[in-house]
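Whatever order the structure lists ligands and atoms in, that order sets their numbers, starting from 1. Note that the structure is predicted; figures quoted are calculated from it, not measured.
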Amino acid sequence: MQNLENLLKIDRDSIWHPYTALASELPVYHVDSADGVRLKLSDGRELIDGMSSWWSVIHGYNQPEINKALEQQLKSMAHVMFGGLTHTPAIELTEQLLAITPEALDAVFYSDSGSVSVEVAMKMAIQYWQAKGAPQRQKFISLRHAYHGDTFGAMSVCDPETGMHSLFADAMPKQVFIEQPQCRFGEACTEEDMAPLKQALIGQSGHVAALIMEPIVQGAGGMWFYSADYLKQARELCSEHNVLLILDEVATGFGRTGKLFACEHADVVPDIMCVGKALTGGYLSLAATLSSKEIHQTIDNGDPGVFMHGPTFMANPLACTAALTSIRILLASNWQENIRRIQQGLEQGLQPCKELTQVSDVRVLGGIGVVELNEPVDMKTTIPQFVEAGVWVRPFGKLVYLMPPYIIEDNDLKLLTDAIVKIISAL
Ligand SMILES: *Cc1c(COP(=O)(O)O)cnc(C)c1O
């Protein structure tokens, strides 16, 4: 193997990292292996993972049961096309997904990533209205500070400013944006809170296909937790105004907020739902778009009689096996108790941040802890400080946040929150 310095030079010269310039001064760390909640760097250091590799690694790294299931699946087949062919991992995963998601959802479309699952959801909504004889319904209502992915359709429903819509102005569909819900999680909503959505729905004159939202937690667009009441009323308003509801559970799905799916906080059933990220326990890239019977039957009975999408790696058997095993592990575990315990640890551990003048808000929901600062964090200096402290925490903008694997033990969780308190205090 080449020496580390050489490898890192190739990385710096020739590989793009997410939202990072090639010649960036931001440090990039070479990971040798990972186990449980620990990332092992090539220089021998070990970091406690506070990110679950962006919400996904809920059972920790190198999970023995998922490893074993994948090794076994590998012996029968790594991949086979899904056009005209099928396999047990996809079928069993579908059975499992339909059993744990809201009952009205009864068909699954597999794709490779959360962004594509959102594209698929948006296309489903448009095709649905087309089949219903309302082809003018092609717009989407979305919330400011939303994040739904990086491809064009998904990007068009992301926050216009953080999504930099002006860069792509002529290439991207223009959607209808409304204010982010101001009512916090745990609070009720006022008429005033609902007014922007109500107005958008009243003013849509039949051009809107669906409202798309991240239920309860707006993730990458600002880590904001909003009232379940808002979600409940949004569902009612959509039904009243004959607009579909797409819930993007890509970040919130599989227990992170304390419910298996965040829509359960409001007892709300979407017409279309997206899942991804934690779906495979962070092993492989897989996402799914679930739809109600009304949606898929209408599409299939309309013109051209099929849903117009079909990824090459649709329902990859290895990915489906990882997902099926991950969900089984989750359901067999005491995940609610784990999330409650993590929530408590985050609340206690981050409490001292509330006293700091550089902090504007501290909020915790389920396995998510957020410290919002008054000023953006300088990642170039802060990330190395976290690494120095033995933890993997990657802030963005004014947000320093944690969403550790569900298996994290109390002492490791405390090391994460202590590091945040210490490093923010010194800012
Ligand atoms: C991450 C995310 C996506 C995009 O998923 P990718 O797998 O990165 O394409 C979509 N929606 C939400 C809510 C997300 O958090």
- [ ] Could you tell me whether Asp106 and Lys293 have a side-chain N and a carboxylate O separated by less than 4.0 Å?
- [x] yes

Open item on the list: Closer than 4.0 Å to some heavy atom of Ser113 - which atoms of ligand 1 meet that?
Closed with: 7 (O), 9 (O)

Task: Side-chain ion pair, Arg341 and Asp410, N-O less than 4.0 Å - done: yes

Task: Element-labelled atoms of ligand 1 that are located less than 4.0 Å from some non-hydrogen atom of Asp248 - done: 10 (C), 11 (N), 12 (C), 13 (C)

Task: Salt bridge flag under 4.0 Å for residues Glu372 and Lys398 - done: no

Task: Winner among Ser115, Ala146, Pro18 once heavy atoms are compared against atom 8 (O) of ligand 1 - done: Ser115

- [ ] Would you mind running through ligand 1 and noting each atom that sits below 4.0 Å from a heavy atom of His148?
- [x] 10 (C), 11 (N)

Task: Test of proximity, Glu214 against ligand 1: N or O pairs below 3.5 Å - done: no

- [ ] Indicate, as side chain, backbone, both or neither, the part of Tyr147 found under 4.0 angstrom from ligand 1 when only non-hydrogen atoms are considered.
- [x] both

- [ ] May I ask you to check whether Phe313 and Tyr110 place their ring centres under 6.0 Å from each other?
- [x] no

Task: Close-contact set for ligand 1 against Ala251 heavy atoms, below 4.0 Å - done: 15 (O)

Open item on the list: Side chains of Val268 and Pro215, heavy atoms from C-beta outward: is any pair under 4.5 Å?
Closed with: no

Open item on the list: Is there a polar contact between ligand 1 and Gly149, counting only N or O atoms under 3.5 Å apart?
Closed with: no

Open item on the list: Lys277 versus ligand 1: do any nitrogen or oxygen atoms come within less than 3.5 Å of each other?
Closed with: yes

TODO: Measure the distance from atom 7 (O) of ligand 1 to every protein heavy atom, then report the residue, atom name and distance (to 0.1 Å) of the closest one.
DONE: Gly114 N, 2.9 Å

Open item on the list: Could you check whether any side-chain heavy atom of His265 comes within less than 4.5 Å of a side-chain heavy atom of Thr257, counting everything from C-beta outward?
Closed with: yes

Open item on the list: Can a donor-acceptor pair be found, under 3.5 Å and without considering hydrogens, that links the side chain of Ser24 to the backbone of Leu22?
Closed with: no

